[in-house]
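Every chain is numbered from 1 and lettered A, B, ... according to where its sequence line falls, protein lines coming before strand lines.
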Amino acid sequence: MSVSGWLALYAWLAPAVAFVLLSVVYGLRRSGRPAAWVSIALSAYALAAAVGAWWVARAEVSNRLLWDWIPMEAGPLASVGVLADADSTLMLILVALISFLVQLYSVGYLADETPASLGRYFAYQSLFAFSMMGLVLAPNFVQLFIFWELVGLCSYLLIGYWYQKPEAARAAVKAFWITKAGDVGLLIGIVLLWRRAGTFDFAELFQLVQTGALPLGGPGLVPLGIITFCIYLGAVGKSAQFPLHVWLPDAMEGPTPVSALIHAATMVTAGVYLLFRTSWLFALTPGVLELVGWVGAFTALLAATLACVQSDIKRVLAYSTVSQLGYMMAAIGAGFAVAGFHHLLTHGVFKALLFLGAGAVIHAVGSNDIFTMGGLWRKMPQTFIVFLVGTLSLAGIPAFGGFFSKEQILGAVFEGGLTAPLAMLVLTAFLTAFYMFRVVFIAFFGAAAPAAHGGGHGHEDGHAHDAPLVMAIPLWVLALLALAVGVMIIPHPAAEVESPHWLAFLAIGVALAGIGLAWLTYGAKVVDAERLSSAFGPIRAAAERRYWLDDLFGGIYRGVILALSRLVGWTDRYLVDGVVNLFSAWTLMAGDRLRRIQSGRPQDYIYGVALGVLLLMFFSLSRWPR
Amino acid sequence: MSLEPITFWGLAALLLASALAVVLTKNLFHSVLYLALSLTATAGIFLSLDAEFLAAVQLLLYAGGVVTIVVFAIVVTERLVGDRITQTSRQLVNGFVVAGALLVAVLIFIRSGPLPAARPGVTGDLTAAIGLMLLTRYVLPFELLAVLFVAALLGAIYFARPDE
Amino acid sequence: MGLQAYLTLAAVLFAIGLFGVVTRRNAIGILLGIELMLNAVNINLVAFARFWGDTAGMIFTLFTISITVAEVALGLALVILIFRVKRTVIADHLDILRG
């Protein structure tokens, strides 16, 4: 009885039903609010089903529901279905929960949108939930890839939701391109793996690996390291590892709830989830894993430095997400994928909380710039509290959500023997606390900045206030969840790694040091911010230009890809079309010339007759039997 | 009855010469007269083939009737008085080539077929035979020919109506 | 003279007639060419009739002559009618059917 499988299926299909309803039923989408409530209701149902699926799956062995898709003689080439075990249902809960909370929140955040746009938004949200769940529940690589791509499409649609804004449209295209670069690697990896193993299915591949039937390399065989590396490339794109991380900050052009959902909790974690799911495969290629670890740690540090110089609150959170993703990848690279997955879950909760809190602030103040905020702890106390909870979780302070999982990661990296990455991660922890509390001190404390832009939502006098109920409920839910996770009311999975105690103290100490430095600089203003940043002069300059990576990608895009497009366009216009146009021109010319046969003069027609007779006579002469 | 080659060649030369004159003369009226001459020569050829009846019909209808009609047509369509009735030809070379090629083809056909060289003897009165055949075996085309003449007559009357 | 001589004569006459048809500009001149061609056909028919001993050829010639007379009459009537309308008998000018 695969009850968990069926429950997971219902959870998965609920948002699909919402999407179909919103797309097909005429007028529903355009009505705005009713469409929103349809989507929210179905996502609530999905959440309930997901929780139920997880509850059942804890007791059962992993079970699958499969339907044949592409039939072949020796068994189907590809099948679709549901793989509902403890891990996938847990991820399912995360997706369903965040999706539900974000949709609820969006009703308040996007209250100013036209009904048609609002309906479009919720259609996209439902489609995204459906796609992400399909990815999470995928029993084989084919379904995984299909929904991987579908998730990428949804992110494009949602980032570019305000498509009238050129920056948003560009950001959406950029996200699409960059993740596509990674996806190519993933596809190549999948196909190569299939050629080696003959199957796409996870369970079957697991069996092959267990029985040692998948050799590392050999004559005529593609080395397994190449395969896992190609699969890793997909994760590099989706989970914003260096150097394909450049799309994530720009993706902040989308609405804040979208950022919370896609770029904090769910889509970007797809890469981590993939590596977690196939960790037994990567275990065969420790070289690639080491690369994963190094790149993860480096990404974490790089993103942390970039977050320190941002003045846009969402950008700070975006770089923070990249940094935390680097953490997860580092743990996986060290060989302890469970630690990475653990951090994925907790990070999903508190990063979504941070984004939604930032959204409340943006909604109230009307601007993303932290230097236009100030003294918000008085005006928006609720928001301040939940934001603080999230920040403390992110900084890794005990009793808050992220502490235990972060400690697990550090322990994992230590156990895995990657010392330089460990150093990078510790430094990153310091920077994380620093830049997050920089934001807290600048935005929430300090003197209130003059309300220059006329304030936020509906308040021309610039008086910021706490969020409305629809937005506040998700905030409180997430905050409580973060606390509950931190205080271990919600039990953690068994610790994979016993990290040494000194590491825990080091982590806490480093976090406190970061908070302290931020307070000194931005709170008490003891340390001058300018002198502090100029102390890191060249790094800061580089960070402000995002290490020229965007320029590099832009240069490649414009130089190479557009040039190639122009070349192809020229070929199409002048060679391909040219040939066809040439033929048509010849036809026209021939027609024009042949027209003159019809001169209207009977004598010319007699000519024709005479010629015809001649031809016939000569023809029959040649065949005359002598 | 044997035919002397000289008669044949003489008639042939006359026929061909007048035919050439028909197609080459600039003056249309002269052309018609040369046509009359060639039609008469044709009647002579018929005679050399022992077809007296046909020779007579040729002279009556062709050399007499058709030429008359053509003359009338010329009169009606050209301003006869004072003007030289001229006509020029066009694209002589093309026509020559086409006609020549056709001639060559036909000649090749003629040479390649098995044709009798000697004519059989004359049996009986040819004219009476023709008349008999016309009214027994070929009576249907004969009657249809009458219908055709009626139609032609009606058509000619219709064409000759004065403009309304 | 053998049959071949008569046939050759007819062929040459036919070619001359064809030459006249395609080169003459006057419509009546074209009709004269047609006359020559028909004449050649008649010579052919009579020659064959004589040499095979079959009178059917001669009867056919009779028919041809009769029909030719009717055709010439009506053809010339048409030429006259065209002349009345277009004031020309030059065949080159009668190209209303030009494509």
Side-chain angles (χ1 to χ4, degrees), chain B residues 3 5 8 12 15-16 19-20 22-23 28 31-32 35 38-39 42 45-46 49-51 54 57-58 61-62 65-66 69-70 73-74 76-77 87-92 95-96 98-100 102-103 106-107 110 115-117 119-120 129-130 133-134 138 141 145 148-149 152 155-156 159-160, chain C residues 1-9 11-29 31-33 35-36 39 42-43 46-47 49-53 55-56 58-59 61-63 65-74 76-81 83-84 89 92:
Chain B
L3 175 71
F8 173 76
L15 177 58
L16 293 179
L20 277 173
V22 168
V23 299
L28 186 60
S31 227
V32 174
L35 179 71
S38 67
L39 292 173
T42 312
I45 300 282
F46 285 163
L49 281 171
D50 307 316
L54 280 176
V57 167
Q58 169 91 350
L61 291 187
Y62 254 131
V66 168
I69 296 175
V70 175
I74 295 175
V76 172
T77 61
Q87 58 172 331
T88 51
S89 303
R90 61 200 274 282
Q91 293 181 327
L92 285 175
F96 183 73
V98 170
L102 195 70
L103 177 62
V106 174
L107 285 178
I110 296 173
L115 299 171
R119 59 181 81 185
I130 291 176
M133 295 281 267
L134 265 183
Y138 298 105
L145 196 62
L148 179 77
F149 281 141
F159 281 151
Chain C
M1 295 303 297
L3 182 57
Q4 283 201 342
Y6 286 99
L7 295 184
T8 311
L9 172 65
V12 177
L13 190 58
F14 189 86
I16 295 175
L18 182 63
F19 176 75
V21 165
V22 299
T23 55
R24 282 306 210 184
R25 285 172 67 212
N26 195 312
I28 300 178
L31 278 166
L32 295 183
E35 285 304 309
L36 289 176
N39 246 359
N42 287 340
I43 296 177
V46 173
R50 182 69 183 86
F51 276 81
W52 295 132
T55 48
M58 302 205 185
I59 293 178
T61 311
L62 267 178
F63 286 137
I65 294 178
S66 318
I67 296 171
T68 307
V69 169
E71 164 246 320
V72 165
L74 287 178
L76 286 170
L78 279 171
V79 170
I80 294 171
L81 280 178
F83 181 77
R84 277 196 211 163
V89 288
D92 283 349

Measure [X] against the heavy atoms of chain C and call it side chain, backbone, both or neither at under 4.5 Å.
X	result
B:L145	side chain
B:F96	both
B:I130	both
B:L148	side chain
B:F149	side chain
B:L107	side chain

CZ on C:R84 to CZ on B:F159, rounded to 0.5 Å: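 Between atom CZ of B:F159 and atom CZ of C:R84 there are 10.5 Å.
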Drop me the distance from C:T61's OG1 to B:L54's CG, to the nearest 0.5 angstrom.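 C:T61 OG1 to B:L54 CG: 5.5 Å, rounded to 0.5 Å.
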Write down the atom of [X], the atom of [Y], and the distance for their closest heavy-atom approach.
X	Y	result
C:L13	B:A19	CD1-CB, 3.5 Å
B:L102	C:L18	CD2-CD2, 3.4 Å
C:N26	B:L28	ND2-CD2, 3.7 Å
B:G155	C:L74	C-CD2, 3.8 Å
C:T55	B:M133	OG1-CE, 3.5 Å
B:G95	C:T23	CA-CG2, 4.2 Å

Please name all residues satisfying side-chain contact (heavy atoms from CB on, under 4.5 Å) with C:A47, sequence neighbours left out, ordered by chain then number.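 For C:A47 the side-chain contact (heavy atoms from CB on, under 4.5 Å) partners, ignoring immediate neighbours, are B:L49, C:L3, C:Y6.
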Could you tell me whether the side chain of [Y] reaches within less than 4.5 Å of the side chain of [X], counting heavy atoms only?
X	Y	result
C:L36	B:L35	yes
B:V70	C:L32	yes
B:T42	C:N42	no
C:R24	B:S31	yes
C:L62	B:L134	yes
C:N39	B:L39	yes
C:I43	B:L15	yes

Contacting moiety of [X], where chain B heavy atoms sit under 4.5 Å:
X	value
C:I80	both
C:A56	both
C:F19	both
C:L31	neither

Just give me the residue among C:V72, C:I59, C:L7 that pairs up with chain B most often, heavy atom to heavy atom, under 4.5 Å.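 The answer is C:I59.
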Only pairs of heavy atoms separated by less than 4.5 Å count here; which of B:V57, B:L61, B:L16 has the most with chain C?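 With the most close heavy-atom pairs to chain C, the winner is B:L16.
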Max heavy-atom pair count under 4.5 Å with chain C, selected residue of B:P141, B:G100, B:A156: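 Of the candidates given, the most pairs with chain C belong to B:P141.
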